[in-house]
Amino acid sequence: REIFEVAEGPTEHETALTAVEEAIAQVFEAAQPVELTPQNSYIRRLQHQLVQRYGLASESKGDDPFRHVVIYPK
């Protein structure tokens, strides 16, 4: 990538956090829970922290490797 000066795409973390921001907007719009895609524990923790900043509730559901965050309206 460096040799051909090809820009790298978004990282896994950036993609997961963008998805949670979009899901938060959906929760506010529809006042319905939204399930995110399965992620590892570190990314789920970041997602929960971001959800808390918006004053919403969340929980992790499922078993690894399918464990995922669900965001709930308040």
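Predicted model only: the values in this text are computed from it and were never measured.
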Find the distance between [atom1] ([X]) and [atom2] ([Y]) and round it off to the nearest 0.5 Å.
{"X": "Ser58", "Y": "Arg44", "atom1": "OG", "atom2": "CZ", "value": "11.0 Å"}
{"X": "Gln47", "Y": "Gln52", "atom1": "CD", "atom2": "CD", "value": "12.5 Å"}
{"X": "Ile43", "Y": "Leu17", "atom1": "CD1", "atom2": "CG", "value": "7.5 Å"}
{"X": "Glu21", "Y": "Gln26", "atom1": "CD", "atom2": "CD", "value": "12.5 Å"}

State, to 0.1 Å, how close [X] and [Y] come at their nearest heavy-atom pair, and which atoms those are.
{"X": "Pro33", "Y": "Pro73", "answer": "N-CD, 3.9 Å"}
{"X": "Tyr54", "Y": "Phe28", "answer": "O-CZ, 3.5 Å"}
{"X": "Leu56", "Y": "Tyr72", "answer": "CB-O, 3.6 Å"}
{"X": "His48", "Y": "Ser60", "answer": "NE2-OG, 2.8 Å"}
{"X": "Leu36", "Y": "Ala23", "answer": "CD2-CB, 3.4 Å"}

Item to check | side-chain contact (heavy atoms from CB on, under 4.5 Å) partner of Leu50, chosen from Val69, Val20, Ile71 | outcome: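 When side-chain contact (heavy atoms from CB on, under 4.5 Å) is applied between Leu50 and each of Val69, Val20, Ile71, only Val20 qualifies.
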Next on the checklist: Check for me, please, whether Val70 and Ile24 land in the same ILVMFWY cluster - side-chain distances under 4.5 Å, paths through other members count.
Outcome noted: no
Next on the checklist: For a 4.5 angstrom cut-off between non-hydrogen side-chain atoms, does Glu22 reach Val34?
Outcome noted: no
Next on the checklist: Whether the His68 and Gln39 side chains hold a donor-acceptor pair (N or O, under 3.5 Å, no angle test) is what I'd like checked.
Outcome noted: no
Checklist entry - Are more than 12 heavy atoms from other residues, nucleotides or ligands located less than 6.0 Å from atom CG of Asp63? => result no
